[in-house]
Amino acid sequence: MPVSSIAEKLKKTYADRSYKHTEMITHKGTPIAFAMDDRRRLFYAVLDLNDTEGNKEEFDVAYWPENPSELQFPNEIEQVGFSITGATRMPVVKLDTRQEVADPTTLFPEEVDPFLSSTARLTADAPFKVFSDNQHIFVFRQAIANNHPDAVYKLSGGGASGDLSRSDLQKTE
């Protein structure tokens with residue numbers, strides 16, 4: 001058997017989207033792969049050697065999940081040095097639109113865009129780093145520029161918005 005075909009049998013490839021940047025760590029002895037796609041979404045896959053269902057092969061490539069999972073980010077952001085004032089909620093954006101919703105209770109959870117409604121939208125299209133101290137996993141990512149279309153700005157009455165046409169944007173000096 002040619003070396004290239006053996007190597008292909010030992011490699012797990014995810015072709016569900018176009019991935020640009022990758023990282024891999026070991027957390028508590030378990031390999032975890034991370035990747036950013038061409039839309040700045042971060043995904044991860046965990047090697048699960050305890051998965052005994054189905055017809056598994058002798059190689060560990062068979063123990064990677066069928067598809068990676070999108071990494072979820074918080075829907076609040078905290079300004080450094082202002083912890084006493086509390087976190088600022090990210091705008092809630094309706095799925096498949098860029099429309100911010102004034103009353104998030106009018107949407108079902110599956111109608112909310114998880115990327116644009118969380119701090120994930122602040123991720124730049126740049127390489128990232130992942131670190132494990134075997135207790136927590138840390139993801140270090142570059143932030144977008146303040147003039148990026150996904151940037152958010154504090155509102156004078158609290159909250160945040162990416163809509164620059166709003167009259168209640170908090171002015172910065």
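All values below come from the heavy atoms of this structure, side chains included, with hydrogens, waters and symmetry mates left out.
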Inset, instruction - Can you measure from OG (Ser161) to CZ (Arg166) and round to the nearest 0.5 angstrom? - result: 4.5 Å

Inset, instruction - Any side chain to side chain donor-acceptor pair (under 3.5 Å) involving residues 103-117? Give me the pairs, sequence neighbours left out, ordered by first then second residue. - result: Asp103-Thr105

Inset, instruction - For residues Pro114 and Gln72, determine if any side-chain heavy atom of one lies less than 4.5 Å from a side-chain heavy atom of the other. - result: yes

Legend entry - Side chain Thr26, main chain Pro31, donor-acceptor under 3.5 Å: no

Legend entry - side-chain contact (heavy atoms from CB on, under 4.5 Å) between Thr22 and Met36, worked out: CA-CA 6 Å; Thr22 60; Met36 180 185 293; over 6 Å; no

Inset, instruction - Would you indicate whether the side-chain heavy atoms of Tyr63 and Val61 approach each other to under 4.5 Å? - result: no

Inset, instruction - Check whether Met24 and Leu49 end up in the same hydrophobic cluster, where Ile, Leu, Val, Met, Phe, Trp and Tyr are linked by side-chain heavy atoms less than 4.5 Å apart. - result: yes

Inset, instruction - Run the salt-bridge test on Arg98 and Asp163 with the 4.0 Å N-O cut-off and return the result as yes or no. - result: no

Legend entry - In one Ile/Leu/Val/Met/Phe/Trp/Tyr side-chain cluster, 4.5 Å: Leu155, Tyr153: yes

Legend entry - Contact check, side chains of Ile137 and Phe131, non-hydrogen atoms, under 4.5 Å: no

Legend entry - Gap between atom CG of Leu71 and atom CZ of Phe34 - 0.5 Å precision: 6.5 Å

Compile the donor-acceptor pairs under 3.5 Å between side chains in residues 123-130 and protein atoms, sequence neighbours left out, one pair per line.
from	atom 1	to	atom 2	distance (Å)
Thr123	OG1	Ala120	O	2.9
Thr123	OG1	Arg141	NH1	2.4
Asp125	OD1	Lys20	NZ	3.2
Asp125	OD1	His21	NE2	3.2
Asp125	OD2	Lys20	NZ	2.6

Inset, instruction - Answer yes or no: is there a side-chain heavy-atom contact under 4.5 Å between Arg40 and Asp150? - result: yes

Inset, instruction - State, with a plain yes or no, whether a side-chain heavy atom of Val139 is found less than 4.5 Å away from one of Leu42. - result: yes

Legend entry - Heavy-atom closest contact (Ala151 atom, Ala145 atom, distance): CB-O, 4.0 Å

Inset, instruction - Nearest 0.5 Å please: distance from the CD1 atom of Ile77 over to the NZ atom of Lys154. - result: 10.0 Å

Inset, instruction - May I ask you to check whether over 12 heavy atoms, not counting those of Phe138, lie within 6.0 Å of atom CZ? - result: yes

Inset, instruction - For Gln99 and Val93, indicate whether the former's side chain and the latter's backbone hold a donor-acceptor pair under 3.5 Å. - result: no

Inset, instruction - Would you check, one step at a time, whether the test side-chain contact (heavy atoms from CB on, under 4.5 Å) holds for Glu78 with Glu76? - result: CA-CA 7 Å; Glu78 185 132 354; Glu76 294 180 331; over 6 Å; no

Inset, instruction - Treating Ile, Leu, Val, Met, Phe, Trp and Tyr as nodes and any side-chain heavy-atom pair under 4.5 angstrom as an edge, say whether Ile25 and Phe140 lie in one connected cluster. - result: no

Inset, instruction - Validate the cation-pi geometry between Arg41 and Phe115: distance from NZ or CZ to the six-membered ring centre under 6.0 Å, angle to the ring axis within 45°. - result: yes

Inset, instruction - Check whether any side-chain heavy atom of Val92 lies under 4.5 Å from a side-chain heavy atom of Leu107, and answer yes or no. - result: yes

Inset, instruction - Specify the closest pair of heavy atoms between His27 and Ser132, including all atoms of both residues, with the distance to one decimal. - result: ND1-OG, 2.6 Å

Legend entry - Sequence-distant partners of Tyr14, side chain to side chain contact (heavy atoms under 4.5 Å, CB included), two or more places apart: Lys12, Asp16, Tyr19, Ala45, Trp64, Pro65, Pro68

Legend entry - Leu116/Met90 under side-chain contact (heavy atoms from CB on, under 4.5 Å): CA gap, chis, key distance, verdict: CA-CA 9 Å; Leu116 292 175; Met90 296 293 289; over 6 Å; no

Inset, instruction - In plain terms, say whether Asp37 and Arg39 are close enough for a salt bridge, that is, a side-chain N and a carboxylate O under 4.0 Å apart. - result: no

Legend entry - Audit row: Val112, Leu95, side-chain contact (heavy atoms from CB on, under 4.5 Å) steps and yes/no: CA-CA 5 Å; Val112 175; Leu95 190 63; over 6 Å; no

Inset, instruction - Find the distance between OG1 (Thr13) and NZ (Lys11) and round it off to the nearest 0.5 Å. - result: 5.0 Å

